[in-house]
S.K.: 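Sending over a structure as structure tokens; questions will come in a sec.
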There are 2 protein chains.
Amino acid sequence: MTMPAKPFTSVWTREPRGRRGQGLNRDQIVRAALELLDAEGIDALSMRKLGARLGAGATSLYWHVANKDELLELAMDEVYREVRSPVGASWRETAGSVAWGLRGAILAHPWCVGLIGVLPSIGPNALVMSDRLVRACKEAGFQGIDIDFAVGAVIAYTLGAAVPEAAWRGLLNRAGESPCEAQKEMLPAIEGVAAGYPDLLERYKDYTAGGLDPLVARQIAFDYGLVALLDGLDARLPGAGPGMTTDTARDADRDTGRDTDSDAERPVPGTGRR
Amino acid sequence: MTMPAKPFTSVWTREPRGRRGQGLNRDQIVRAALELLDAEGIDALSMRKLGARLGAGATSLYWHVANKDELLELAMDEVYREVRSPVGASWRETAGSVAWGLRGAILAHPWCVGLIGVLPSIGPNALVMSDRLVRACKEAGFQGIDIDFAVGAVIAYTLGAAVPEAAWRGLLNRAGESPCEAQKEMLPAIEGVAAGYPDLLERYKDYTAGGLDPLVARQIAFDYGLVALLDGLDARLPGAGPGMTTDTARDADRDTGRDTDSDAERPVPGTGRR
DNA sequence: AGTCAACTCGCACACTGTTCGAGGAGAAGA
DNA sequence: TCTTCTCCTCGAACAGTGTGCGAGTTGACT
């Protein structure tokens with residue numbers, strides 16, 4: 001039997017319903033969802049509450065949106081909309097600006113931390129973000145698949161930095177007090193847990209003792225890693241001087257106990273290309 | 001009224017209960033949870049199902065574990081346990097090895113994608129991972145807070161790369177067929193959605209048309225970014241030649257429309273230090 | 001034998017996402 | 001105007017969910 005070739009639909013491939021223009025429509029639902037999410041977090045978003053907020057029955061929403069996940073996909077894309085970037089800037093400026101913008105957007109909508117990377121991000125706004133990065137890298141001189149690599153690296157770093165930071169902020173805020181106070185308050189707990197790791201503990205104490213606003217500290221940390229990454233990518237640009245190029249721990253899983261049968265966890269040998 | 005100074009407890013600060021040694025205990029619960037999670041994914045983990053699997057009532061679990069989130073924290077830490085790294089290696093080897101190991105662990109337990117960075121990661125195994133990285137960076141020559149920056153950057157990049165990849169693999173697998181087939185299958189959808197972004201589309205076609213196994217492609221991509229990041233960090237080591245040091249888009253939110261009142265989204269000026 | 005802590009668990013509560021089918025409302029055609 | 005048909009809404013119901021509570025059981029120690 002030949003496969004019926006299922007078409008792989010998504011929210012973005014289906015037209016929004018509701019062309020009669022009265023009553024509910026998709027945009028207004030998404031807007032209300034965002035309000036709720038921003039105000040009360042992801043646990044507060046239920047179809048019933050959302051319906052009530054719109055003066056509608058909970059199940060009415062299902063006419064406009066296939067299910068809750070689709071609704072969240074739509075909401076996520078609105079987050080990506082906030083990522084602006086300058087036009088006509090250098091590739092480093094563009095990349096940095098997208099990175100900072102993405103970080104800012106995530107921090108401004110902390111409910112998205114559990115969704116990022118989990119829901120597919122192929123909405124229009126996510127696409128314009130990607131497109132900007134792709135174009136910047138292309139103009140910079142990256143070629144072929146290296147463009148994807150560079151774009152992917154910048155996005156990966158940014159997501160990986162912003163998501164835990166957003167969650168961490170949530171923790172600090174829940175305590176009520178100022179971030180700085182809260183951080184000091186959980187020191188005894190950390191001390192108990194991290195006993196036996198003197199280096200680690202020293203780092204934590206250093207970090208908190210400086211009196212530096214933790215929020216600012218994270219900014220500096222983010223910048224540090226971002227600059228390092230961009231430097232490293234720059235060096236990979238054709239025409240750049242011979243960037244320092246060691247290959248990364250190619251024997252990474254020689255001593256990881258896992259049985260990586262034929263799956264792809266295994267680092268490819270001889271990388272560190274260009 | 002003086003604050004009662006709430007102690008900030010967590011799973012890791014409380015002794016596991018069940019010292020009588022009979023019936024349930026925390027370890028065995030966590031093990032069963034991991035089995036369930038690995039076998040059927042995160043949606044399949046309910047307290048009732050887990051209880052049944054252990055031949056116990058659902059609510060019995062609550063004697064050993066405060067709530068489901070704590071249980072997931074415990075499970076997550078078991079994932080970090082799988083991250084091994086060589087001893088006595090260079091800092092690059094250690095960093096690379098931790099990065100590959102962390103990626104591998106996440107890909108091996110895709111149920112954790114929605115948890116990473118969301119649940120606090122201060123379990124013992126997460127700590128040994130951090131500690132290894134900290135020590136490596138310290139021995140490499142990083143000093144003071146730069147150690148945290150370097151460690152944070154490597155982890156951020158790795159998480160940000162691995163989480164979406166794990167989710168993406170889940171998508172491909174759900175389709176049933178080989179990843180390569182599945183990727184081609186969703187091309188028409190992508191084409192429809194990404195019309196208007198020729199550069200983006202070209203990239204996607206390039207990416208799929210090469211005939212390269214998508215899993216391997218992601219490996220190479222991961223390595224590319226990792227090497228770039230490590231190169232960039234290397235250049236920041238005291239004593240390294242004058243690494244290229246531009247500051248990243250410091251005007252990132254000049255033109256982001258957001259009103260960043262006094263919050264910390266705003267990039268600090270004049271970074272790109274060292 | 002009695003006591004007390006450690007532990008288990010059924011019941012119940014307040015919710016959740018989603019399906020289904022009955023119905024209303026407005027436009028289009030007769 | 002009446003009918004028909006499509007679009008759209010929504011109440012009821014289902015099959016779950018995490019978890020608080022209080023009664024009950026078990027086993028070791030006095």
Side-chain angles (χ1 to χ4, degrees), chain A residues 9-11 14-34 36-37 39-76 111 114-115 118-119 174, chain B residues 9-11 14-34 36-37 39-76 111 114-115 118-119 174:
Chain A
T9 73
S10 108
V11 217
R14 268 195 314 280
E15 284 292 296
R17 301 170 93 172
R19 70 192 93 151
R20 192 177 287 166
Q22 51 163 27
L24 295 173
N25 67 52
R26 202 188 251 185
D27 279 358
Q28 141 189 196
I29 291 175
V30 172
R31 222 175 308 133
L34 273 169
L36 207 61
L37 287 166
E40 308 188 42
I42 191 139
D43 290 339
L45 181 73
S46 78
M47 298 307 262
R48 282 177 243 259
K49 245 193 238 181
L50 183 57
R53 193 183 190 93
L54 288 161
T59 54
S60 306
L61 306 174
Y62 285 89
W63 179 258
H64 303 273
V65 154
N67 52 40
K68 195 183 180 183
D69 275 3
E70 272 201 0
L71 176 59
L72 288 173
E73 263 183 81
L74 292 165
M76 270 300 308
W111 48 265
L115 271 29
V118 177
L119 265 34
R174 212 168 337 275
Chain B
T9 73
S10 106
V11 217
R14 267 194 315 280
E15 284 292 296
R17 301 170 95 172
R19 70 192 91 156
R20 191 179 286 169
Q22 51 161 26
L24 294 174
N25 68 51
R26 202 189 250 184
D27 280 356
Q28 139 187 196
I29 291 175
V30 172
R31 220 174 311 134
L34 273 168
L36 206 60
L37 287 166
E40 308 187 43
I42 192 139
D43 289 340
L45 181 73
S46 79
M47 297 307 261
R48 283 177 241 259
K49 243 192 240 180
L50 183 57
R53 194 185 189 92
L54 288 161
T59 54
S60 307
L61 306 174
Y62 284 90
W63 178 259
H64 304 272
V65 154
N67 51 41
K68 195 182 180 183
D69 275 3
E70 273 201 0
L71 176 59
L72 288 172
E73 264 184 78
L74 292 164
M76 269 300 307
W111 48 266
L115 270 27
V118 177
L119 265 33
R174 214 170 332 277

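Convention: sequence-line order gives letters A, B, ...; per-chain numbering from 1. The figures that follow rest on heavy atoms only: side chains count, while hydrogens, waters and symmetry mates do not. Since we're looking at a predicted model, the values are computed, not measured.
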S.K.: Kindly compute the distance separating CG (A/Leu34) from CD1 (A/Ile29), expressed to the nearest 0.5 Å.
M.R.: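 If I round to the nearest 0.5 Å, the distance is 12.5 Å.
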S.K.: Please give me the minimum heavy-atom distance between A/Ala33 and A/Leu71, naming the atom from each residue.
M.R.: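 The pair with the smallest heavy-atom distance is CB-CD1, 4.2 Å.
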S.K.: Report the distance from atom CD1 of B/Ile42 to atom P of D/dG16, rounded to the nearest whole Å.
M.R.: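 It works out to 19 Å between those atoms.
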S.K.: Whole angstrom is fine here: how far is it from CG in B/Asp69 over to P in D/dT17?
M.R.: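 In whole Å, D/dT17 P lies 16 Å from B/Asp69 CG.
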S.K.: Can you sort out the partners of A/Arg17 under side chain to side chain donor-acceptor pair (under 3.5 Å), two or more places apart, ordered by chain and number?
M.R.: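 Partners of A/Arg17 by the side chain to side chain donor-acceptor pair (under 3.5 Å) criterion come out as none, since no residue qualifies.
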S.K.: Taking the nucleotide of DNA chain C with the closest heavy atom to each, which residue, A/Ala66 or A/Lys49, is nearer the 5' end?
M.R.: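 Whichever sits nearer the 5' end wins; that is A/Lys49.
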S.K.: Using the side-chain contact (heavy atoms from CB on, under 4.5 Å) rule, take A/Asp27 and A/Arg31 through it: C-alpha gap first, then chi angles, then the decisive distance, then the call.
M.R.: CA-CA 6 Å; A/Asp27 279 358; A/Arg31 222 175 308 133; 3.9 Å; yes
S.K.: Determine all donor-acceptor pairs shorter than 3.5 Å in which one atom belongs to a side chain in residues 42-65 of chain B; sequence neighbours excluded.
M.R.:
residue: B/Ser46; atom: OG; partner: B/Lys49; partner atom: N; Å: 3.1
residue: B/Arg53; atom: NH2; partner: B/Glu35; partner atom: OE1; Å: 3.4
residue: B/Ser60; atom: OG; partner: B/Gly57; partner atom: O; Å: 3.4

S.K.: Just verifying a value: how many Å separate A/Leu72 CG and A/Met76 CE, rounded to the nearest 0.5 Å?
M.R.: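 Answer rounded to 0.5 Å: 9.5 Å.
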S.K.: Across nucleotides 5-12 of chain D, 5' to 3', mark each nucleotide with B, S or - according to how protein heavy atoms within less than 4.0 Å reach it.
M.R.: -BBBBBBB
S.K.: For a quick check of understanding: with a heavy-atom distance under 4.0 Å over all strands, which category does B/Leu45 fall into, base, sugar-phosphate or nothing?
M.R.: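 Touches sugar-phosphate only.
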S.K.: Atom CG of B/Asn67 to atom P of D/dG18: distance rounded to whole Å?
M.R.: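 That distance rounds to 11 Å.
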S.K.: Under a criterion of less than 4.0 angstrom to any heavy atom of chain A, what are the 5'-terminal and 3'-terminal contacting nucleotides of DNA chain C?
M.R.: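 Terminal contacting nucleotides, 5' to 3': C/dT16 to C/dG26.
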S.K.: Using the salt bridge (Lys or Arg N to Asp or Glu O under 4.0 Å) criterion, which residues pair with A/Arg14? Sequence neighbours excluded.
M.R.: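 Here the qualifying residues are A/Glu70.
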S.K.: Could you report the tightest heavy-atom contact between A/Asn25 and A/Gln28, atom names first, then the distance?
M.R.: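 Smallest interatomic distance, heavy atoms only, reads OD1-N, 3.0 Å.
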